[in-house]
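The structure appears right after this line, and notes come after that.
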Amino acid sequence: MVAPASWPKLITGILLPGLTLAAIYFMISAGLSLIFGLMDVLNFAHGSLFMLGGYCAWTCNVWLDPNYAGHWPITIASGNLRFIIGLIVGTLVGAAVGSLIEISLIRPLYKRPIYQVLLTLGLVFVFDALVRTIPAWGSLSRAPIKPPMLTESLSLLGRRFPSYSLFLICLSVSLAVLIALVLRRSRIGLTIRAGVQDSAMVEAMGINVRRVFTGVFGFGSGLAALGGAVAASFIGVYPEMGLEYQLFAFIVVVIGGLGSYSGAAAGALLIGLARTFSDHLVLETGLPTAIASASTVLVMAVVLLLKPGGIFNKN
Amino acid sequence: MQRLRPLLPLVAIGGLASLPFAFAADTTRFWQGVFIQIFILAIYALSYDLLMGYTGMISFGHALFFGAGGYTAAILLRQAEPPSMLIVIAAVIVVGATIGAAVGALSLRVSGVYFSMITLALAEIAFILFKADDPKLKPITGGEIGLQGIVVPAAIDATTYRLRFYFLTLACMVGLYYAARRLINSPTGRVFVAIRENEPRATALGYNTLHFKLLATAISSTIAALAGMLMVLYEKSASFEMLSVNLTIQALLMTIIGGIGTLIGPMLGAATIRLLDHGLKGEFMQALLPAWLRPDLVFGIVYVVLVLFFPAGLMGAIRKLRGKTSRSSVERLRQAMKPKAES
Amino acid sequence: MTPILEVEQLQTFIGQYHILHDVSLQAEQGSITAILGRNGAGKTTTLKSIMGLTPPQAGSIRFAGQRLNSLRTFSIAQLGIGYVPEHRAIFRDLTVTEHLILAERKRGDLRRRGDLIFSLFPDLQRLERLLGSQLSGGQQQMLAIARALVPETQLLLIDEPSEGLAPVIIEQMMRAITALSEHTTVVLVEQNFRMASAISQAYYMLDDGRTVDHGTMTALRGNPQLIQRYLGAA
Amino acid sequence: MPNVLLKTEHLSRSFGGLQAVRDVSIAVEEGSFHSVIGPNGAGKTTFFNMISGAIKPSSGKVFFAGNEITGLPLHRMIHLGIGRAYQITSLFPSLSVAENVRLAAQARGRDTFKFWQHSDRFERYHERAQAALKLVGLRGVEQVLASALPHGDKRKLELALLLASEPRLLLLDEPTAGMAANQVPELIEIIQQLRQSGQHTIILVEHRMDVVMSISDQITVMHGGSVLAEGTPQAIAADPRVQQAYLGELYDDVLTQPHEVAHDTNS
Amino acid sequence: ACSSGTGVEPTAATNPTSDSAQATEAPPATTAPAATTESTEPTAAPTSDSAAATGKPIKIGLITDQSKALSLYGTQEINGFMLGLEYATNGTMQVAGRPIEVIVKDDENNPERARQLARELIEKDGVELLQCCASTSSALTVIEIAKENNIIAMIDPAAGPQITGSNFNRFVFRTGRNTLQDALTAGPYMVENVGKEFVQLAPDTDFGKGSAASWRSIIEANGGTFVSDDVFIPADTTDFTPYLQKLLDAADEKQAKVLMVTWAGANFPRLFQQMQEQGVLDKLTLATGFGDNVTMPMVYADAVGSVGMIAYHYTLPKNEVNDWLVEQHKAKYGSYPDLFTAGGMASGIATVRGLEATKGDTNADALIAALEGMSFEGPKGIYTFRKEDHQALQPMYMVKLISITDPDAKFFELLQERSAEQTAPPVMVTE
Ligand SMILES: Nc1ncnc2c1ncn2[C@@H]1O[C@H](COP(=O)(O)OP(=O)(O)OP(=O)(O)O)[C@@H](O)[C@H]1O
Ligand SMILES: Nc1ncnc2c1ncn2[C@@H]1O[C@H](COP(=O)(O)OP(=O)(O)OP(=O)(O)O)[C@@H](O)[C@H]1O
Ligand SMILES: [Mg+2]
Ligand SMILES: [Mg+2]
């Protein structure tokens, strides 16, 4: 079907870019999977937190730059340092805002799951408008700013591969492993799963369910924001990015199977590779390019029809 | 007050029918247009409520149904010799019902969020296909430009006969509302509600719930398709926007704001959203609000507050105002229990 | 001996409905106290009020001298109160073992209490890997009780433990509760009057959200009219 | 010669490695009252689930009124005349009591797809629903939402749902669970009435021995998935295996005086 | 060719405050004081509209993006249009005794909203003329409403060829250039001076396909060849690698020399960055259209020295109108007029000139008669509305990028001015 392509090309043209996409998808999906799967909260605003992380990181990169024309008392000469500060600030802001959202808005709605969807959907509008309202951000799209240490490209099998993409992939994989270890070794997962079904009963067992929920929500949000902060140097920032990546995150989580953490990883991998593979397919066969755009949802539809509960569904 | 209740629908219909004559002459055309859109959106919201509010199936791809109706009408009307309107309507109904039933059939395999997501996927695929700039598809779908300049039968052309079209859509809305009412009060409709409440139990009572879900999606889809057709007749164009997630979200918003599972609520929701949109972005509000407070932000905040504090939407608020809560079910229970406890 | 649990003139609303009007009760350390009353009398609500699940609007609850009224449920539980709810409240997606692990309040609780639990309900050991939803009705009830036994508690609130259990198991459980009451005070809500009367020393009779009578179980057994009046057939 | 309404042949079901029901063959005569008892986890509910079509047997067959019904989907069972109550209450929580029962009554009729007519026009379902409510003693709360009923009344409503579909065979899984002591006789009264009306064949699972012993024609004792014993109440009560596996000492007295309650057994 | 109708979505890197301020500060709707010039005779136009005589204001509805991705262009259009009116009326803001009133509406870059606003403007606010918009999709819906209501719609900067092609109707006049004109500007120059072996990349949209076809036909007509299939990239692409590899293959295996890029959308900077990182720009000479002053500095950092076409830059035209524009713009808005300011101004001027010819009558037939074939002096020189498709023929520019840091935005050196005739596109009207 696909014109025979040499192995190096398949690796540099499909595998690596596919992994790069998967890395971004995973970072936004991991938190959603935790929140959505464990707490049963369908957080539509998860993408907004991704966006928030992105904007915060971008702002750090720009404002702390000594060349920045605006007025800002602190400047940092090293672009690498600005980048790292951006990641930290983005993550922290995301986690804080996420926790706040949980405490103030989600908490009253644990008994009305549909309303969580509706409320967080409203938050998407609020965040979208907020980003456009903040003068420093606005409606326009902002170009990605990469740290100097990651602007070089590496030579790989006769092609050049951006080192930032490699960074994305490595970061994502290490995060995946780290979180998996934390989850496996803690009682938190258990508490949350039980708390979702009957939080009153879990409280009656002496566990502060609310705090656990807030913690998980904040953690998931922080992850999304970190994803956004890292992605910002690759895709730039723009107000629509929240909803755009939110959709990917939903798809990933659903493909993987609700609440399955490894499912999220598998889902991200699947749709990342599906996208670059169909990009390749379209180029080689002259099929309509719409197929590449549709690949993500197509894969989801096929997976759900074959395995109605997602790949890693327990039942 | 209670005695007058049966008159309420008549008053409402009468009010809407005389509305076009209430506007100032130089803006009446505009307001007629706004209300035409409201009526069409109300029909669309109604169809969503039938599915979400009564059968408990949350579709994230409702725009698919709306767009299907719209494109069917548009494609037929753009034929060199367009078929009669009756045939167009019949085709829209057939297409709407078929697509709806097909989507309903998916619920055989997936349920809950998975159903929502797969409907989203289907709508998204349709969206991408209809938007695609593909040599084979474009002659039918119009691609990104959509199908513009559709010729509507002269007698119902909204440009020349705006008022006539106003009454046409009003009649459609009222008719479909009563049809929907009838449906949910019918034995079939009651089973829809039973499925929403507790599907396994409905099955155990002896209902083949799949049949009912098929029926519910087919009917809902047909109504949405009719709304899409009306929209195409009014706008004289069909574009891929009709299939977009935005439109599904609109349906969701209208339903929530109006009040889930009340039929009339989502229709009010449609009016609210359209008028709010016009109001918030109109000169008056812009003069009133500080420049940085964007209308979208106001809308978002109002919406969040609504969901948080008025979960039953406008209808819930109205009922509250009319003091219905005092007769809530729990109270009725307690009253009913009293004599028994003493006996 | 001072009572470990003192409840005075409790008034509880659920939403806007006044459910408990005036409930008072006391439980002596190391005793088993039964709360009796017909269907809907407010027995479950009393236990929930103590646990802070339906916080009372008025009245006072004291446990080991400490006021519980304004505490949140988990803090109340952490004071050393265990709760077996009406209708089991088993988590569908957690395995039996996971239920027991979750019930630990200190590391090693399960190790310490495992023997007691599994001797009481040997079935559970066999079912360790099953999910809550896969257990039979009675097995769920066993798990609900077992769960409350994992941590060391000074007070156990048990709501209708015999529901759905086979007679042999009920018997076993009654013995266990009696044995347990040596270290732990037990407050028991039980429809099965036979069981309640067999193991408890004191009773409180509720009717329409009020304590209408209390005394020793021996006294109640000698008063068939009272039983007839408040419980119907005994 | 009374004919057999329900028959199972070598019915088995396993979950993973666990054999929950093993080779159970019983025959229930039309119009009789048959109880199934056994320790917790003996497989009673699983057995019920297979008869009522909620789960499929691993092997074996079920016959109803002479026809094989093994593996038929759940919703078909009601139409054949098999109705069951659930061990865990399962209702339509935010519908009224009356509507809950009406839905059950309507399920067996042929009017469900008449979506152009108002449901109130089908008086017969309303009447049937009222009759069922009356039978279980739930009058005066028709307009109350099912979720707002006290637990005991929910059980009654559950029973009313069942009766409204006018089944020939009634499967009752612990109907008294969660009922107040004073309501149990009431319920037993209802079940007695059903039995005497002769229109129903009833299979009951119950842990309250006083109830089981006083009401059953025939008792099957399950243990570890298989049938341990079968016979009349007297025969079962006297069976030492049953006593040992299920009854224990607490009910010694019950076996001799079914309606009396002994007070001081343990003190 | 990135600077076409739906254009590059403007992007800014280093100066986050200045451009967004621009984007949000739309000038208020301007109402000129009622005029007292002598009233003119009623025109011979078929309507009995006596508005011209009574001095009733002429309301113009301006629909464009003020708040979303194209708001930068929308703002340029608005500022330019107002200045155009001012210039053409000598500051009186009235024509033939009728004051001009402009009502600006934000379509949020959403065609459906543009349609609604067009209706609202006509039916509620009583506008008699329409001006729109930054996006081609919005323009396409607005021209349908214009047709429905017999009202003239002046289009700028939307550049999709179908506006004056397959979707043309006689009420449409476009002062902006379309993508074919872009191709006619750069194509011949590229073939002659840069290289003959081309490969091109465009978004997989109507606009991208149309633009690519324009480039292909013009370049081939001028002796260039495309050595590889055109690469169309879905607009929602995040990682462009598979597509860029295709370009690299074309360079390695098919000796492509020049890369034509058409792009539109938020991800242009990302595309450009990836082209650099993956060595596409090392192997192929980039031929592109240059964009606005805000986007240039950050996207084209490494492209100094490259050549391309541009529709307008304030340093290029040498004429009085442009001088006036630069001066006034600087005075009013504190910055130089940008890519689409000139287009907006041309629209304003064309509107006034047309109305002068009809003596203030906004009747469509009268205005069409006046505007068809009309030439007028605008910021780029002489513009002429071609009779057949109402496309304004206008001068275009080939430039070389010499700086991206100049504080006065003097980024370009003019290589060649292409005349209105040289860049006249073929007539594509299908009716
Ligand atoms: N959520 C609620 N809303 C309104 N009323 C309630 C609610 N929960 C309980 N009630 C009412 O409160 C009263 C006491 O209920 P409670 O459950 O405490 O009784 P109980 O003595 O435990 O009865 P049972 O023997 O049935 O378990 C009942 O009349 C019940 O209907
Ligand atoms: N889905 C399942 N997966 C695994 N095991 C199951 C499943 N359902 C039931 N079992 C097991 O099968 C056995 C029989 O269960 P069943 O519910 O039939 O018992 P029962 O006789 O009704 O008990 P009880 O009197 O306690 O209700 C139990 O050990 C139970 O754990
Ligand atoms: Mg209770
Ligand atoms: Mg059972």
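In what follows, every chain begins at residue 1, and chains take the letters A, B, ... in the order their sequences are listed.
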*asked:* Do Thr238(E) and Arg275(A) pair up side chain to side chain, a donor and an acceptor below 3.5 Å, judged on atom types alone?
replied: no
*Is it the side chain or the backbone of Ala290(A) that comes within 4.5 Å of chain E heavy atoms, both, or neither?*
backbone
*asked:* Taking the basic N atoms (NZ, or NE/NH1/NH2) and the acidic carboxylate oxygens, is any pair closer than 4.0 Å for Asp279(A) and Lys246(E)?
replied: no
*With a 4.5 angstrom heavy-atom cut-off, could you sort out which part of Asp282(E) is near chain A: side chain, backbone, both or neither?*
side chain
_Note, Gln273(E) side chain near Pro144(A) side chain (heavy atom, < 4.5 Å)_ = yes
_Applying salt bridge (Lys or Arg N to Asp or Glu O under 4.0 Å), can you list everything that pairs with Asp204(E), at least two apart in sequence or on another chain?_
Lys209(E)
_Between Ser153(A) (side chain only) and Glu277(E) (backbone N and O only), is there a donor and an acceptor less than 3.5 Å apart?_
yes
*Heavy-atom distance under 4.5 Å to chain E: side chain of Thr59(A), backbone, both or neither?*
neither
*Heavy-atom contact with chain E under 4.5 Å, split by part of Tyr245(A)*: side chain
_Among the listed options Leu248(E), Asp229(E), Ile233(E), the residue most often paired with chain A at heavy-atom distances under 4.5 Å_ = Leu248(E)
_By salt bridge (Lys or Arg N to Asp or Glu O under 4.0 Å) - contacts of Glu112(E) (at least two apart)_ = Arg115(E)
_Under 4.5 Å from a heavy atom of chain A, the part of Gln276(E) involved_ = backbone
_Phe234(A), part contacting chain E, at a heavy-atom distance under 4.5 Å_ = both
*Which heavy atom of Gln278(E) sits nearest a heavy atom of Arg160(A), and at what distance?*
CG-O, 3.9 Å
